[in-house]
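Here's the structure, in structure tokens; my notes come after.
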Amino acid sequence: MSELPEPRLFSCADATGAVHDQGAHVIDWIPTGHAPVLWLSPSTALETGKPVRGGVPICFPWFADGAEGGREPKHGFARTLPWHVESRESSDHEAMIVYRLSDADVTEPAHQEQFPYQFEAYCVVRFGTELSLELSVTNTGERPFDFEEALHAYLVVGDVRKIRVEGLDGASYRDKVLDREDCVQEGDLRFDGETDRVYRSTGDVAVVDPVLGRVLRIRKKNSGTTVVWNPGAETAAAMPDVGPDGWTDFVCVEGANTHADAVHLEPEETHSMGYRLSVETTAEDPGRPPA
Ligand SMILES: O=P(O)(O)OC[C@H]1O[C@@H](O)[C@H](O)[C@@H](O)[C@@H]1O
């Protein structure tokens, strides 16, 4: 393993940002006038072939250990492979980069065996008043395939125990902590310990943060799954790149297509999933009691 090269830096009037070529992994986005929005572990490994803890990892072509289980590495091989830069453009109000990955980049036999298909993936990242990511996958081979995907954003929060996530009321979900299928969200989601939920939901989501006085809005396109994850104190303590105190500082709200929402592509078909993030400052009273 060697150290990752420095990330690529982006700057325009409306934002700054940073991306590692490994995994086309956005690690920073700061819209002008706001505090950083993406959480990056201060103790994450920045080594070739190792997942980075924070930012927006891209999970592909499977999520966790895959729809049927047993796949490795966790969350697919795309997040630890070097993606190719196709183009890069900047204007006054937006900085943009296009990354590309294809089956030709998958050189590990174990990875080829688990996903023996020809594909071409593009990730378009735009830094501006919004952070926008669009992941497009094309079947360039002659056989159909299914894949899973997630844009696994780590969002900075003032204190995860004080935030609420709006937009999932009524959605069914799989609770991975309780190992229960067919749960239904009632009202807003709040956090008091380990939370790992895979929602069937296409809707937009808001993370209301009274401590930082802001709302993070997530708008999804062609995404049937929203994953919400926070390790809680105990699991975090066992994770060297989160630690006993780090878990309160972030929440993951992921735009995804997993399990029943896995994407089926016939030869020459393309699927694109979008994830857009924006920030609004609020005047909400931090002392407001939970609803
Ligand atoms: O440690 P990793 O591989 O980055 O995964 C972090 C988490 O990612 C979430 O998306 C999963 O639902 C969790 O189960 C998992 O623990």
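The first residue of the sequence shown is numbered 1, and numbering continues consecutively from there. Counting starts at 1 for both ligands and their atoms, following the listed order.
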*For Trp62, enumerate each residue passing the ring-ring contact (aromatic ring centres under 6.0 Å, His included) test, keeping only those at least two apart in sequence or located in another chain.*
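Partners of Trp62 under the ring-ring contact (aromatic ring centres under 6.0 Å, His included) test: Phe77.
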
Name each donor-acceptor pair under 3.5 Å that joins a side chain in residues 249-259 to protein atoms two or more places apart or in another chain, with its distance.
from, atom 1, to, atom 2, distance (Å)
Glu254, OE2, His152, NE2, 3.3
Asn257, OD1, Gly224, N, 2.8
Asn257, ND2, Glu149, OE2, 2.9
Asn257, ND2, Asn222, O, 2.9
His259, ND1, Arg174, NH2, 3.1
His259, NE2, Arg174, NH2, 2.9

*asked:* So that I know where these two stand, are Phe147 and Phe60 an aromatic pair - ring centroids less than 6.0 Å apart?
replied: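 Here the rings of Phe60 and Phe147 have centres that are less than 6.0 Å from each other.
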
*Centres of the His84 and Tyr99 rings: under 6.0 Å?*
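Aromatic pair excluded; centres sit 6.0 Å or further apart.
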
*Residues two or more places apart in sequence or in another chain: which of them pass salt bridge (Lys or Arg N to Asp or Glu O under 4.0 Å) with Asp21?*
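Asp21 satisfies salt bridge (Lys or Arg N to Asp or Glu O under 4.0 Å) with Arg8 only.
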
When you check ligand 1 against the protein, what N or O pairs turn up below 3.5 Å? List the atom names and distances, or just say none.
from, atom 1, to, atom 2, distance (Å)
ligand 1, 1 (O), Arg53, NH1, 3.1
ligand 1, 1 (O), Arg53, NH2, 3.1
ligand 1, 3 (O), Lys74, NZ, 3.4
ligand 1, 3 (O), Arg79, NH2, 2.8
ligand 1, 4 (O), Arg53, NH1, 3.0
ligand 1, 4 (O), Arg79, NH1, 3.0
ligand 1, 5 (O), Lys74, NZ, 3.4
ligand 1, 5 (O), His75, NE2, 3.3
ligand 1, 8 (O), His75, NE2, 3.1
ligand 1, 8 (O), His152, NE2, 2.8
ligand 1, 10 (O), His152, NE2, 3.0
ligand 1, 10 (O), Glu254, OE1, 3.1
ligand 1, 10 (O), Glu254, OE2, 2.8
ligand 1, 12 (O), Lys176, NZ, 3.2
ligand 1, 12 (O), Asp196, OD1, 2.6
ligand 1, 14 (O), Lys176, NZ, 3.1
ligand 1, 14 (O), Asp196, OD2, 2.5
ligand 1, 16 (O), Lys74, NZ, 3.4

*Are Lys221 and Glu134 close enough for a salt bridge, meaning some N to O gap below 4.0 Å?*
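A salt bridge links Lys221 with Glu134.
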
